[in-house]
Amino acid sequence: MTTTLLPAFPLDIVVLPGEDQYLHIFEQRYLQLINELKDTEAEFAIPYTEKDKVHPYGVLVKIDSVFGESPEGTLYISVSGTGTFKLKNLLDKYPGKLYPAAEIEVFPIETTAENKLMISELHPKLIELLSLFKGDDSKLAVPVPENSFAAAGLLRFQVEKKLELISIPEEKDRLRWLANEIILQIRICETEYDLQGQFSLN
């Protein structure tokens, strides 16, 4: 894979492709980044960082809008996820800038016939799980997701699960992981409902 150098904003969030996220920007270096990119379609990298530990994977985002500015000059923005990557190196500064830079390998989101078939076969189980989350047997009108990330976005994964997903380079492997995760969650939900039913009978 080709290595790309992009502006970087390390954070403890994972914005999956297709998801939206609001951010409050107050550090001068990141204000510079946002002001440079806000009127463009350019992406920047968010390497996942937790307690000063930088993880080897992250997400790409682009700025959708700058919707607020405080009297102190801080910005409120919305971004949307566009891709995922493996982090090769995190540099303290992008050349000539205040903000960091990330050397990354971008993971493709392939829309092959095989992947389309896999996600269509996954669709009934996805609806079953969403119905269990909803708590009734009504038929949910959920279209077939375009890819693994669109399906994962419906399930509102916690950050730990999102990290597992974005660490998988190939779309077919992400779909296999997602299928296993959905089956596991269905079993957990069914077990919980069975236990609730037993308690109600006692």
Validation: residues 87-104 side-chain donor-acceptor distances under 3.5 Å, sequence neighbours left out:
{"unit_1": "K97", "atom_1": "NZ", "unit_2": "E36", "atom_2": "OE2", "d": "3.0"}
{"unit_1": "Y99", "atom_1": "OH", "unit_2": "E36", "atom_2": "OE1", "d": "2.7"}

**Within residues 158-188 or reaching into it, pairs that qualify as ring pair (Phe, Tyr, Trp, His ring centres under 6.0 Å) - sequence neighbours excluded** = F157-W177
Output all residues satisfying salt bridge (charged side-chain N to carboxylate O under 4.0 Å, His left out) with [X], sequence neighbours left out; order by chain, then residue number.
X    : result
K161 : E164, E181
D64  : K62
D20  : none

Please find the pair of heavy atoms, one from [X] and one from [Y], that lie closest to each other, and give the distance.
X    : Y    : value
S167 : P169 : O-CD, 3.5 Å
A42  : L37  : CB-CD2, 3.9 Å
V79  : I77  : CG1-CD1, 3.7 Å
D173 : R176 : OD1-NH1, 2.8 Å
T49  : P10  : OG1-CB, 3.2 Å
P7   : L33  : CB-CD1, 3.8 Å

**Message:** The criterion is side-chain contact (heavy atoms from CB on, under 4.5 Å); which residues satisfy it with K116, sequence neighbours excluded?
**Reply:** T111
From [X] atom [atom1] to [Y] atom [atom2], the distance as rounded to the nearest 0.5 Å:
X    : Y    : atom1 : atom2 : value
I119 : L178 : CD1   : CG    : 7.5 Å
L122 : I127 : CG    : CD1   : 10.0 Å
N35  : I25  : CG    : CD1   : 10.0 Å
T3   : K86  : OG1   : NZ    : 10.5 Å
R156 : L130 : CZ    : CG    : 10.5 Å
Q32  : E27  : CD    : CD    : 12.5 Å

**Message:** Taking the side chain as everything from C-beta on, heavy atoms only, tell me whether V14 gets closer than 4.5 Å to L165.
**Reply:** no
**Prompt:** Can you find a heavy atom in the side chain of Q21 that is under 4.5 Å from one in the side chain of V61?
**Reply:** no
With a cut-off of 3.5 Å and sequence neighbours excluded, list every side-chain donor-acceptor pair involving residues 142-155.
{"unit_1": "N147", "atom_1": "OD1", "unit_2": "F149", "atom_2": "N", "d": "3.0"}
{"unit_1": "N147", "atom_1": "OD1", "unit_2": "A150", "atom_2": "N", "d": "2.9"}
{"unit_1": "S148", "atom_1": "OG", "unit_2": "E171", "atom_2": "OE1", "d": "2.8"}
{"unit_1": "S148", "atom_1": "OG", "unit_2": "E171", "atom_2": "OE2", "d": "3.4"}
{"unit_1": "S148", "atom_1": "OG", "unit_2": "R174", "atom_2": "NE", "d": "3.4"}

**Message:** Would I168 and F107 count as a side-chain contact (heavy atoms from CB on, under 4.5 Å) here? Give the steps.
**Reply:** CA-CA 8 Å; I168 303 171; F107 294 151; over 6 Å; no
**Request:** Please step through side-chain contact (heavy atoms from CB on, under 4.5 Å) for the pair M118 and N115, ending with a clear verdict.
**Result:** CA-CA 5 Å; M118 288 177 69; N115 291 341; 4.1 Å; yes
**Asked** Is a side-chain donor-acceptor pair under 3.5 Å present for T74 with E72?
**Response** no
**Request:** List, by chain and number, the other hydrophobic cluster members for Y76, where Ile, Leu, Val, Met, Phe, Trp and Tyr join if side-chain heavy atoms come within less than 4.5 Å, directly or indirectly.
**Result:** Y22, F67
**Request:** Any chance you could pull the hydrophobic cluster mates of L117, using side-chain heavy atoms under 4.5 angstrom and chaining through other members?
**Result:**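 Answer for L117: none, a lone residue.
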Report the residues that fulfil ring pair (Phe, Tyr, Trp, His ring centres under 6.0 Å) with [X], sequence neighbours left out, ordered by chain and then residue number.
X   : value
F85 : none
H55 : Y48
Y57 : none

**Prompt:** After noting the C-alpha distance and the side-chain angles of L184 and I188, does the key distance pass the side-chain contact (heavy atoms from CB on, under 4.5 Å) rule?
**Reply:** CA-CA 6 Å; L184 175 61; I188 290 172; 4.1 Å; yes
**Prompt:** Is it the case that one hydrophobic cluster holds both V159 and I13, taking links as side-chain heavy atoms less than 4.5 Å apart, direct or via other members?
**Reply:** yes
**Message:** With a 4.0 Å cut-off on N to O distance, would you call K125 and E128 a salt bridge?
**Reply:**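 Between E128 and K125 there is a salt bridge, with a charged N closer than 4.0 Å to a carboxylate O.
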